[in-house]
Amino acid sequence: MRLDHVRRLSGPNVYLSRPVAIARLDLQGLAGHETTDHPGFAARLVDALPGLAAHHCAAGRPGGLLDAMARGTYFGHVTEHVALELSGAIGREVFFGRTVRAGGPADYDVVLECPRDEPAGSTVVEQLVALALRTVQGALAGRVPDPSADLARIAAVHEGERLGVSTAALARAARRRGVPVRRVGGLNLLRLGYGRYRRMIWAAMTDATSAIGMEVAGDKRLAHRVLADAGLPVPEGRVAASPAEALEALRGIGGPVVVKPLAGHQGEGVHIGLTTAPEVVAAFASAAGAAGGGGAGGEGGGEVIVESYIPGKDYRVLVVGGRVSAAAELTAACVTGDGAATVAALVDRVNADPARGAGHDRPLTRLALGPAELAQLARQGHGPGTVPAAGERVWLRRNANLSTGGTSRDVTGEVHADVANLCVRAAAAVGMDVCGIDLRLPDIGSPPPAEPGAAGILEVNAAPGLRMHLAPHEGAARDVAGDVIDLMYPAGTLSRVPVVSVTGTNGKTTTVRMIARMLELDGRRTGMTSTEGVHIGGRLVHRSDASGPRSAEMVLGDRSVEAAVLETARGGIVRRGLGYERADVAVVTNITRDHLGVDDTEDLDDLTGIKALVAEEIRRGGHVVLNAADPPAAGLALRRAVRDRRPVLRYFAPSPGEPVLAEHLREGGVGYCVADGWLTEAHGDRRTRILPAADVAGSFGGHAGHVVANALAAAAAARALDVPVETVARALRTFDPHTHNPGRGCVYRVGGNPVLVDYAHNPAAVAAVGALVERRWGTGGVAAVTLPGDRPDELVGETARALARTFGRVVVYEDEDLRGRRSGEMTRLIAEGLREARPDVRHHPAGDLKGALTSALDMAGPGEPVLLLYEKLQPVAELLDTLGARPDGAAGGQSAEGQVTGSPT
């Protein structure tokens with residue numbers, strides 16, 4: 001077997017609402033083989049990975065996989081389960097897997113769930129699948145494979161990539177509250193919410209955290225000064241830039257003292273309870289080495305603080321938004337003797353706890369036996385090889401910090417009101433929205449003693465770690481991450497702007513642009529994605545084919561956006577999933593034959609399943625707009641995943657007599673149609689006129705039925721977002737194609753001939769454009785056409801046949817991007833399709849776009865229309881400009897902004 005490639009779908013997708021990776025396997029010589037063809041294979045595999053015995057598989061119970069292998073199953077399926085088992089073994093807990101046929105007879109796609117916040121560029125899943133293949137192949141070769149060494153290496157990569165404990169808790173808390181979450185790269189930085197409600201948080205530092213507060217908290221000298229000025233108790237301290245100054249501070253303050261870096265963090269370089277000159281000199285060297293840069297004034301490098309030692313217990317109090325969220329009593333790193341084990345063995349025993357990890361990746365940090373720990377052991381008469389007495393507590397550190405192996409006990413319920421007030425005042429003095437207050441007190445349950453030096457605030461921590469409160473070693477866990485999210489999104493505060501997602505085979509771009517126009521006229525700054533680019537507030541900000549997830553994320557990450565309208569194309573769904581979670585409105589314009597043979601999309605049912613995702617991924621109670629006259633689109637309402645969202649269905653159709661729409665209206669539903677020549681909103685038996693169909697700009701006086709259908713779909717979506725009928729009418733009346741819908745149904749005058757520029761590139765679209773030309777001009781005219789080369793031959797031929805039904809003269813050219821075709825191949829296929837439908841057709845090849853349009857104009861008689869189908873709009877615009885083309889008003893509608901008031905009938 002061979003792993004060909006792995007691709008990741010980071011958003012909701014056709015397999016799962018969570019991220020997945022798809023590994024393409026080539027089974028090679030194992031194609032068609034089953035597990036029963038290889039005696040002893042299953043037993044050896046389970047010996048290597050005993051956890052496989054508990055896999056449910058399709059049976060829905062433990063042992064299902066074993067039964068499947070005993071009956072005989074394919075090796076792609078086995079590899080899927082091995083990859084899931086290996087994933088769980090490294091703490092990467094995912095549960096969904098599926099294996100499906102793909103491509104050739106030996107090709108299979110193994111679909112595996114991925115953790116939500118795993119970096120998009122992570123190679124962990126690829127490494128796991130590769131290891132799964134080696135494990136399966138080892139068992140096939142008659143061995144009991146041992147993947148432990150490779151697994152340890154992959155586990156290290158996974159640990160380094162995963163979110164820290166605090167950030168992961170914040171992500172979970174946000175999702176529980178319905179707030180969208182996106183991790184930024186591989187950082188502990190989260191983007192929360194959509195559009196104008198988008199916020200950022202980095203660990204426990206929010207985007208509202210004061211920069212000045214961060215500077216103050218990071219400079220211990222400055223922080224003590226600010227706290228003291230506020231009348232809060234702090235230890236007496238002095239800054240020392242040399243050993244001599246440190247000794248002078250010892251003499252001035254009197255022992256015992258604490259020596260620590262001026263700008264240190266995570267308990268590094270902190271030395272406690274020092275009384276002698278040699279201790280202070282050694283501590284100075286250690287602390288100065290751990291010292292970072294200074295604060296806002298640039299002070300600090302290599303400087304240390306010498307401060308008075310405050311007896312008592314160590315506490316951390318978390319203040320969020322001006323109130324105490326949690327409190328913990330901290331205990332420094334230590335081990336307890338049993339009279340038999342050495343200190344080193346006791347450390348190993350403690351570190352075996354799966355809750356302990358390196359750095360901040362786990363609730364607790366592993367104990368170390370570094371220089372600081374060895375020095376502390378020596379002060380107690382111990383070393384790594386000594387054996388403490390039973391019950392003897394041996395300290396590895398004096399400073400109580402989780403980052404150096406300490407533990408926490410929740411004391412939130414014990415905090416005295418005076419202590420809580422002291423901590424809240426400290427956070428306010430420094431100016432922090434979220435901060436951790438380190439203090440020493442005799443007891444947090446009693447008022448702080450008034451005597452100088454009996455209690456004090458040691459530090460104010462910006463971006464404090466949350467793990468001591470989320471998973472204390474003793475006591476109740478506290479939902480402090482939820483408190484931080486509630487601070488950012490108080491009860492009743494929105495986290496999302498309205499999102500409209502539009503899919504379908506034809507009409508997506510036009511419909512998206514119409515909806516965005518309606519929302520803009522309603523006073524909402526709108527972000528829009530389409531095949532021509534990303535627009536914010538009506539301005540193009542990024543030119544590209546922006547109908548996929550990256551462009552959606554671009555719009556939803558813009559804090560000026562008040563509503564989002566997203567063109568959601570098949571390619572983006574298949575290759576990366578959706579770029580959003582839970583739209584408010586889903587629009588499906590139609591589903592017809594196109595893109596077949598691409599990305600394993602073989603037939604219309606496959607295409608329907610892909611586009612159905614847009615309707616399935618709406619919020620509960622959201623709106624689904626469906627084309628009642630298009631059976632595949634209308635049928636989406638019957639899909640279980642759509643029904644489970646309990647949507648408000650809004651159908652549209654050209655006629656109120658369309659059976660699906662008529663039945664929907666009889667049941668009291670909402671629909672949109674053309675009645676007595678008017679675009680009409682129907683709710684049960686009530687009718688509200690929007691505007692005459694002939695007045696829809698770009699509809700050629702109502703002759704372009706597909707444009708009218710797009711207008712109905714757009715009206716349905718806008719009305720779902722409470723856009724007034726009057727505004728919908730105004731938007732449609734003023735939707736000038738050249739200004740608001742370039743490249744779709746735009747007419748130019750070149751000499752004496754109208755040139756209709758359109759993007760039609762499949763049978764249904766070509767037929768619709770052909771019908772428009774005949775209705776508007778009474779003749780087929782001449783067509784200059786290109787078609788995309790990544791469609792199967794049969795579909796190219798079908799599109800050409802649809803073209804020939806209207807046009808008897810056709811100039812064929814090939815786009816610069818042949819999409820894998822040989823030069824001349826598409827010209828031949830199109831010509832064959834034209835002749836099949838119309839033997840007398842006159843068709844001519846052209847070398848390029850310019851040659852095609854020039855030839856078509858030469859072939860056309862005076863005033864005859866010329867249809868120009870294109871692949872890229874920019875070259876068309878440049879060519880028309882070169883030919884002196886000017887916009888023609890043939891598309892209809894009025895250019896000046898007018899207003900039509902909806903009227904109930």
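In this structure a side-chain-to-backbone donor-acceptor pair under 3.5 Å is present from Thr135 to Leu131.
No more than 12 heavy atoms of other residues, nucleotides or ligands lie within 6.0 Å of CZ in Arg393, so this atom counts as exposed by the packing criterion. Atom CZ of Arg116 sits in a crowded spot, with more than 12 heavy atoms from other residues, nucleotides or ligands closer than 6.0 Å.
Applying the salt bridge (charged side-chain N to carboxylate O under 4.0 Å, His left out) rule to Arg198 yields no partners; only residues at least two apart in sequence or on another chain are considered. In terms of the salt bridge (charged side-chain N to carboxylate O under 4.0 Å, His left out) criterion, residue partners of Arg199 (sequence neighbours excluded) are, by chain and number, Asp207. By the side chain to side chain contact (heavy atoms under 4.5 Å, CB included) test, Ala345 is found to be paired with Ala341, Thr342, residues two or more places apart in sequence or in another chain being considered. With sequence neighbours excluded, no residue forms a ring pair (Phe, Tyr, Trp, His ring centres under 6.0 Å) with His56. Residues passing the salt bridge (charged side-chain N to carboxylate O under 4.0 Å, His left out) test with Glu581: none are found, sequence neighbours excluded.
Nearest heavy atom pair, residue Ala326 against residue Thr412, reads CA-OG1, 3.4 Å.
A salt bridge links Glu373 to Arg397: one of the charged nitrogens lies within less than 4.0 Å of a carboxylate oxygen.
Screening residues 63-87 for ring-ring contact (aromatic ring centres under 6.0 Å, His included) gives His38-Phe75, Phe41-Phe75, His55-His81, His77-His81 as the qualifying pairs, with residues at least two apart or on separate chains.
Checking each of Arg175, Arg182, Arg183 against Asp117 for a salt bridge (Lys or Arg N to Asp or Glu O under 4.0 Å) leaves exactly one that passes, namely Arg175.
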